[in-house]
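A quick write-up on the structure given underneath.
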Amino acid sequence: MQASGGSVKPFVHFNAKSDAELLYKAMKGLGTDEDTIVMLLTSRSNDQRQQIKVAYKKSRSKDLVKDLKSELGGKLEDLIFALMSPPASYDAYELHKATKGAGTEDNVLIEILASRTPEEMKDIIKAYKKDHGGKLEKDIMGDTSGHYQKMLLTLLQANREEGVDEAKVEKDAKELYSAGEEKFGTDEGKFVNILSTRSVEHLREVFDAYKKIAGCEIEESIKDEFTGNVEKVLLAVVKCIRSVPAYFAECVHDSMSRAGTDDETLIRIMVSRSEVDMLDIRAHHKRLYRQTLYNTIKEDTAGDYQKALLYLCGGGGND
């Protein structure tokens with residue numbers, strides 16, 4: 001895979017003041033110039049978008065996000081709101097929404113907590129407290145239970161060990177095997193403990209050792225031994241340990257492969273990964289599904305919303 005990094009890069013000849021003016025002109029008067037809004041905001045980095053917000057407030061004494069929301073609607077509004085939020089605040093917003101409504105949006109909790117780096121996790125916890133006045137840990141505890149809850153809370157603490165402990169690789173693989181495939185009934189605690197505390201490099205070696213012992217990949221064993229949210233979170237963690245971009249290629253594909261599109265997931269992934277690893281996600285998508293992410297989005301969406309997603313995806317039909 002040659003690709004590496006994000007599809008959205010900081011705009012080279014950036015001028016926050018003139019961008020703020022362009023956005024103001026696109027919204028004033030009758031009708032909204034969605035084209036300008038979409039093209040401009042998808043070609044600036046998140047940091048630059050924050051500067052545009054400040055410049056807009058300075059020159060117009062108005063809140064840019066509020067103005068954008070009042071001019072746009074539906075899915076495009078949701079996507080632009082996501083683009084205008086600092087990454088940690090956006091993750092915090094999504095997690096808050098996932099725990100606060102009727103019922104829990106477990107897929108959101110699992111996706112974010114399984115894939116973010118320890119630094120990102122710390123920023124999310126801070127943003128959550130600042131924006132929502134509560135503790136993320138407490139809200140997750142109030143909404144989940146059992147081994148699923150324990151796994152989420154350990155991921156939230158982002159306290160993985162460092163490096164590879166060669167002496168422990170074989171031992172961990174054997175423990176996982178005897179906690180699952182080998183015994184009647186599953187020792188969930190063992191899986192939770194090993195998968196949430198060992199380093200990523202260490203676990204990659206454990207998975208190789210596990211395959212030799214069990215004769216199958218650890219994902220197969222998890223599918224056999226677990227059900228429900230515990231199965232989902234363990235699988236997400238294993239996939240992210242193997243490759244975060246490959247995990248997101250699968251998630252973004254799933255969001256569009258159902259009867260109706262899961263736009264919330266599609267927006268969250270396209271926005272949150274656009275500056276991180278979108279090029280890698282695209283490469284994995286093409287390898288896994290024999291179709292470009294660009295074309296998949298094109299077939300599944302329409303209008304200005306589609307345009308914005310394609311800009312974030314970058315590339316074209318062959319990439």
Side-chain angles (χ1 to χ4, degrees), residues 1-7 82 87 90-91 94-95 98 105-121 124 148 151-152 154-156 158 160 176 191-192 194-208 210-211 216-223 226 228-258 261-294 296-297 309 312-314:
M1 308 242 145
Q2 311 92 325
S4 186
S7 52
Y90 180 55
D91 279 346
E94 286 287 290
L95 291 166
E105 290 176 53
D106 293 292
N107 64 317
V108 179
L109 298 182
I110 292 168
E111 179 202 299
I112 293 175
L113 297 183
S115 65
R116 300 306 189 249
T117 65
E119 293 71 33
E120 286 167 342
M121 236 38 254
I124 291 165
Y148 171 53
M151 188 72 184
L152 291 177
T154 320
L155 291 172
L156 185 64
R160 288 194 181 276
L176 288 170
F191 273 82
V192 167
I194 291 173
L195 292 178
S196 64
T197 60
R198 307 289 193 262
S199 78
V200 168
E201 304 77 30
H202 179 86
L203 284 168
R204 283 179 186 154
E205 292 198 15
V206 170
F207 298 163
D208 290 343
Y210 184 91
K211 191 178 179 182
C216 67
E217 299 290 3
I218 192 161
E219 289 93 328
E220 295 309 309
S221 298
I222 290 170
K223 285 175 192 166
F226 297 90
N229 287 323
V230 179
E231 178 193 353
K232 283 182 198 157
V233 74
L234 291 176
L235 278 177
V237 167
V238 168
K239 285 171 184 175
C240 285
I241 283 156
R242 290 198 191 275
S243 164
V244 171
Y247 168 70
F248 277 116
E250 205 179 304
C251 292
V252 79
H253 187 264
D254 287 350
S255 76
M256 293 181 280
S257 63
R258 305 198 180 94
T261 306
D262 175 0
D263 291 292
E264 272 190 39
T265 299
L266 180 56
I267 290 169
R268 189 173 54 250
I269 294 172
M270 295 307 292
V271 171
S272 65
R273 309 314 292 182
S274 61
E275 288 179 61
V276 185
D277 50 9
M278 186 53 68
L279 300 181
D280 307 286
I281 292 169
R282 268 171 31 192
H284 281 287
H285 189 279
K286 196 173 176 182
R287 179 181 61 79
L288 289 166
Y289 303 105
R290 304 274 173 265
Q291 187 184 24
T292 64
L293 180 55
Y294 189 94
T296 308
I297 291 169
L309 289 169
L312 291 176
C313 178

Check: R258 side chain, S255 main-chain N or O, donor-acceptor pair, under 3.5 Å: no

Contact check, side chains of N107 and D262, non-hydrogen atoms, under 4.5 Å: yes

Closest non-hydrogen atom pair between F248 and I281, with its separation: CB-CD1, 3.6 Å

Check: R273 side chain, R268 main-chain N or O, donor-acceptor pair, under 3.5 Å: no

Donor-acceptor pair, side chain of S7 and main chain of L312, under 3.5 angstrom: yes

Minimum heavy-atom distance P118-A158, with the two atoms named: CA-CB, 3.7 Å

Salt bridge present between D91 and R116 (N-O < 4.0 angstrom): yes

Check: D277 side chain, G6 main-chain N or O, donor-acceptor pair, under 3.5 Å: no

Those residues that, when tested against R204, pass salt bridge (Lys or Arg N to Asp or Glu O under 4.0 Å) (two or more places apart): none

Gap separating the CD1 atom of I269 from the CE atom of M278, nearest 0.5 angstrom: 8.0 Å

Shortest non-hydrogen contact between L288 and A249, atoms and distance: CD1-CB, 4.2 Å

Side-chain touch E111/Y247, heavy atoms, less than 4.5 angstrom: yes

Separation between CG of D106 and CG of L152, rounded to the nearest 0.5 Å: 8.0 Å

Side chains of R282 and H285, donor plus acceptor under 3.5 Å: no

I218 CD1 to K211 NZ distance, which is reported to the nearest 0.5 Å: 12.5 Å

Pairwise side-chain contact, M151 with L234, heavy-atom cut-off 4.5 Å (strictly under): yes

Pairwise distance SG(C313) to CG(L279) - rounded to 0.5 angstrom: 9.0 Å

Donor-acceptor side-chain pairing of S221 and Y210 below 3.5 angstrom: yes

Rounded distance (nearest 0.5 Å) linking atom CD1 of I112 with atom CD of E105: 10.0 Å

Note, L109 side chain near N229 side chain (heavy atom, < 4.5 Å): no

Exam field: side chain T296 to backbone T292, donor-acceptor pair closer than 3.5 Å: yes

Approximate separation, where rounding is to 0.5 Å, of I124 CD1 and Y90 OH: 12.0 Å

R242 side chain reached by L203 side chain, heavy atoms, under 4.5 Å: no

Contact summary for L266 and L309, nearest pair of heavy atoms: CD2-CD1, 3.8 Å

Shortest non-hydrogen separation from I241 to L195 and the atoms involved: CD1-O, 4.2 Å

Close side-chain approach of L293 to M256, heavy-atom, < 4.5 Å: yes

